[in-house]
Amino acid sequence: ITAGGQTKRTVRHSQGKQKGGWRKDQQQTCLTRNMEDKFLNTVNTISSESGVSGLVCADRHGLCLAAKGSGQASAAPYVNSLAKRAQLLGSSSGDNVKAPTLAIETDTQTISIQSSGDISVAVFKPA
Amino acid sequence: MLAMRDAGDAAAPGGLEDIPGVLGLLTLDLSGHVLSASGELSGAVTEPVADCIFRLLEDVAHVLATSEGPANDSFRRLTVALQDHQYVISIANKKIYAAKVRPLAAAAP
């Protein structure tokens with residue numbers, strides 16, 4: 001506090017910082033350096049496509065990685081189970097090459113399910 | 001017992017064997033017991049395939065129960081598309097019908 005009663009603040013700057021915080025380019029870098037960002041961007045891209053009303057992603061244990069729109073997180077274990085059983089059905093026929101695709105058709109929607117590596121994905125589309 | 005809203009008591013489908021590209025047929029009751037099997041779904045593969053199909057439908061019922069569709073949404077068909085054939089599974093007249101078919105492009109004469 002100065003002699004006149006005013007408050008004087010001293011801003012300490014470390015190397016690379018401007019007054020008030022990080023540089024803008026450093027902020028941008030920090031914002032994009034989350035390891036799940038690439039995955040979430042892909043999920044958002046698919047779920048925002050026209051004709052897609054929902055999406056569920058499950059890992060190899062059936063845990064929900066993402067759920068959007070009409071897809072509920074509680075469906076994740078069953079999405080994973082469906083993808084695995086479809087592969088069993090394929091292997092019983094001697095077909096081990098390509099991951100099978102499931103399509104569940106109802107009166108109002110179609111749910112397409114496929115696994116790729118450790119991730120199973122269900123895409124919900126209105127009929 | 002499989003509990004899923006299906007098309008209802010539609011007439012029992014007949015002549016499924018005459019559908020082009022059918023490689024095998026399997027009929028189950030709603031408890032998963034095999035009622036009939038023919039073609040490539042008969043013999044030693046009948047029981048494992050029937051078990052797999054029944055468990056697939058159980059999981060389908062759970063997915064539909066958890067999705068945000070309308071309460072009276074009826075299940076129509078499950079298709080499992082593999083490399084060079086596919087399984088088409090449906091429920092009608094309190095029975096589960098599963099057909100192993102060649103893809104449509106390959107089935108056409």
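In what follows, every chain begins at residue 1, and chains take the letters A, B, ... in the order their sequences are listed.
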(message) What verdict does the side-chain contact (heavy atoms from CB on, under 4.5 Å) test give for A:T101 and B:L82, after you've listed the backbone C-alpha separation in whole Å, the side-chain angles of each residue and the deciding distance to 0.1 Å?
(response) CA-CA 7 Å; A:T101 305; B:L82 296 157; over 6 Å; no
(request) Start with the C-alpha distance between B:L56 and A:R85, add both sets of side-chain angles, then the distance that settles side-chain contact (heavy atoms from CB on, under 4.5 Å), and finish with yes or no. (result) CA-CA 7 Å; B:L56 277 170; A:R85 288 197 195 282; 3.6 Å; yes
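Side-chain N/O atoms of B:S67 and A:Q72 include no donor and acceptor closer than 3.5 Å.
Between chain B and the residues A:P77, A:P126, A:S81, the most heavy-atom pairs under 4.5 angstrom are made by A:S81.
To the nearest 0.5 angstrom, A:L102 atom CG is 11.0 Å from B:Q86 atom CD. Residue A:E105 holds its CD atom at 13.5 Å from OG of B:S74, rounded to the nearest 0.5 Å. Here A:L88 contributes atom CG and B:C52 contributes atom SG; the two are 5.5 Å apart, rounded to the nearest 0.5 Å.
With hydrophobic clusters built from ILVMFWY side chains whose heavy atoms lie under 4.5 angstrom apart, B:Y97 shares a cluster with B:L25. Hydrophobic cluster membership is shared by A:V52 and A:L40, with clusters built from Ile, Leu, Val, Met, Phe, Trp and Tyr side chains linked at under 4.5 angstrom. Note: the hydrophobic cluster containing B:V63 does not contain A:V123 (ILVMFWY, side chain heavy atoms under 4.5 Å, direct or indirect links). One hydrophobic cluster holds both A:L55 and A:F39 under the rule that ILVMFWY side chains link at heavy-atom gaps under 4.5 Å. Transitive grouping of hydrophobic side chains (ILVMFWY, heavy atoms separated by less than 4.5 Å) brings B:L26 and B:V45 into a common cluster.
A side chain to side chain contact (heavy atoms under 4.5 Å, CB included) with B:R76 is found for exactly one of A:D107, A:T110, A:T106, namely A:D107. The side chain to side chain contact (heavy atoms under 4.5 Å, CB included) test with A:I104 singles out one residue from B:L57, B:D59, B:T79, B:V60, and that residue is B:V60.
With a threshold of 4.5 angstrom between heavy atoms, A:I111 approaches chain B through side-chain atoms but not through N, CA, C or O.
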